[in-house]
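Here is the structure we will look at.
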2 protein chains.
Amino acid sequence: MDGYDRQLLAALQADADQTAEQLTARVAASPSAIQRRIRRLKETGAIERTVAIASPRALGSPTFLVVSLEVERERPELMAHFRRWLAAEDQIQQAYYVTGNADFVLIVTATDMESYEALMSRMLAENSNVRRYHTNVMLGHVKRGMAIPVPGS
Amino acid sequence: MDGYDRQLLAALQADADQTAEQLTARVAASPSAIQRRIRRLKETGAIERTVAIASPRALGSPTFLVVSLEVERERPELMAHFRRWLAAEDQIQQAYYVTGNADFVLIVTATDMESYEALMSRMLAENSNVRRYHTNVMLGHVKRGMAIPVPGS
DNA sequence: GTTGAAAATAAATCAAC
DNA sequence: GTTGATTTATTTTCAAC
């Protein structure tokens, strides 16, 4: 991971559809070097994956919700079960383990509030260590991304 | 947007590095049809963009924070200013406008707590309508993604 | 790291069904 | 929608510097 790799990560986090040739405009290196490094970044896992960001409108403008929840942490096996449950649910986009009032913060999608409530009921039914949760319905977003800023860029 | 497009969106949200040929395994259509549709999905904006998901470890394991904040909403011009401010800050990955206790939920990255605090100070100094905020430091994540589930898939 | 050429792969375009 | 051929663009690999 040197300056070239960091510049590449910055560029590809913003737009992964650029060709090696186009990237020479942003990364001071030749197409050959760029191609080699991109492959290496993927091999080493510095680039975990490349994904298409879909427009919510194109998929029926689902409801998004921000859920903070508290769990009973005493039983490790229940926590492990809960994490697996979260990972398996497609409607749960993001699941973060946090400090503070809440233990988890989730970003959830649902076609409508009814389906959200069904998901939450199922969550409670299938995870006895979930104590309570608080829902914030998303009204809109200013920004949506996963890009991590790169030091030298 | 028919069944083919939805299947494609589902597949590309998970992995955008698949060739049209590889996609025939998941989308019951020929490579030609798949290529044509992918291009159309990008042109129409159904696919907003394609991005590389970088490993936080590769970028120095930054701290992630979930910030809920309350704003003074009375002055629309201040709100517009705040939204632009959020959009312009690289450290702010996601900014959601929500109902409930908080008005906004942010997902923020910082190299360390000091830089996070500097960002928040600057936020307050440059946005007089931000009333208060509450920080949840992220300890880890179970899941990190932007994929929207697709009805028929 | 670079350039440049060759080979392999994939995408784009088109015709015909 | 499909197949198959063609063209174009990109990636990959390599040699030489």
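Note that the structure is a prediction, hence the values are computed from the model and not measured.
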> Once each nucleotide of nucleotides 2-15 of chain C is scored for protein heavy atoms under 4.0 Å, what B/S/- sequence comes out, 5' to 3'?
Replying inline: BBB-----SBBS--

>> Can a side-chain donor-acceptor contact be found between A/Tyr116 and A/Glu114 if the only test is distance below 3.5 angstrom?
In response: no

More than 12 foreign heavy atoms under 6.0 Å from [atom1] of [X]: is that the case here?
{"X": "B/Arg57", "atom1": "CZ", "value": "no"}
{"X": "B/Glu21", "atom1": "CD", "value": "no"}
{"X": "B/Arg26", "atom1": "CZ", "value": "no"}
{"X": "A/Arg122", "atom1": "CZ", "value": "yes"}

